[in-house]
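Below, all heavy atoms of this structure are taken into account, side chains as well, without hydrogens, waters or symmetry copies.
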Amino acid sequence: MKTINKTFSETLREASDFVVGVARHGMRRLGRMSWQSLLALCVMLALLLTILPLALTLFVIFLLAKLVIGAFGTRHVHQHRMAEPQDTMHGGAQ
């Protein structure tokens with residue numbers, strides 16, 4: 001009968017075996033690649049590591065700027081709208 005209760009060291013051993021297996025598979029795969037595909041892989045990886053964080057950072061910065069501007073801008077608009085109504089029904093000065 002197989003037990004489902006594992007110790008912490010058994011779980012770590014399984015995780016390390018999995019990581020080592022993935023790394024070995026990746027090394028074999030890189031060894032079989034042509035230099036053109038290896039170059040394309042390196043360029044795509046470089047773009048992914050440089051442009052994606054930049055795009056995410058800029059998105060967060062502009063989102064925060066929009067929220068701050070919106071928070072300060074809405075109070076001014078509400079105050080301005082409350083001062084606008086004028087009484088023109090009784091033939092006031094036009």
- line: Residue pairs meeting salt bridge (charged side-chain N to carboxylate O under 4.0 Å, His left out), one or both in residues 28-50, sequence neighbours left out, come to none
Residues 13-21 side chain polar contacts: donor-acceptor under 3.5 Å, at least two apart:
unit_1, atom_1, unit_2, atom_2, d
Glu14, OE1, Lys6, NZ, 3.1
Glu14, OE2, Lys6, NZ, 2.8
Ser16, OG, Leu12, O, 3.3
Ser16, OG, Arg13, O, 2.9

All N/O donor-acceptor pairs, side-chain side in residues 47-60, below 3.5 Å, sequence neighbours left out:
unit_1, atom_1, unit_2, atom_2, d
Thr50, OG1, Ala46, O, 2.8
Thr57, OG1, Pro53, O, 2.7

message: List the residues meeting salt bridge (charged side-chain N to carboxylate O under 4.0 Å, His left out) with Lys66, not counting sequence neighbours, and say none if there are none.
response: none
message: Going by side-chain hydrogen bond (donor to acceptor under 3.5 Å, both in side chains), name the pairs with one or both residues in residues 33-48, residues two or more places apart or in two chains.
response: Ser34-Gln36, Ser34-Ser37
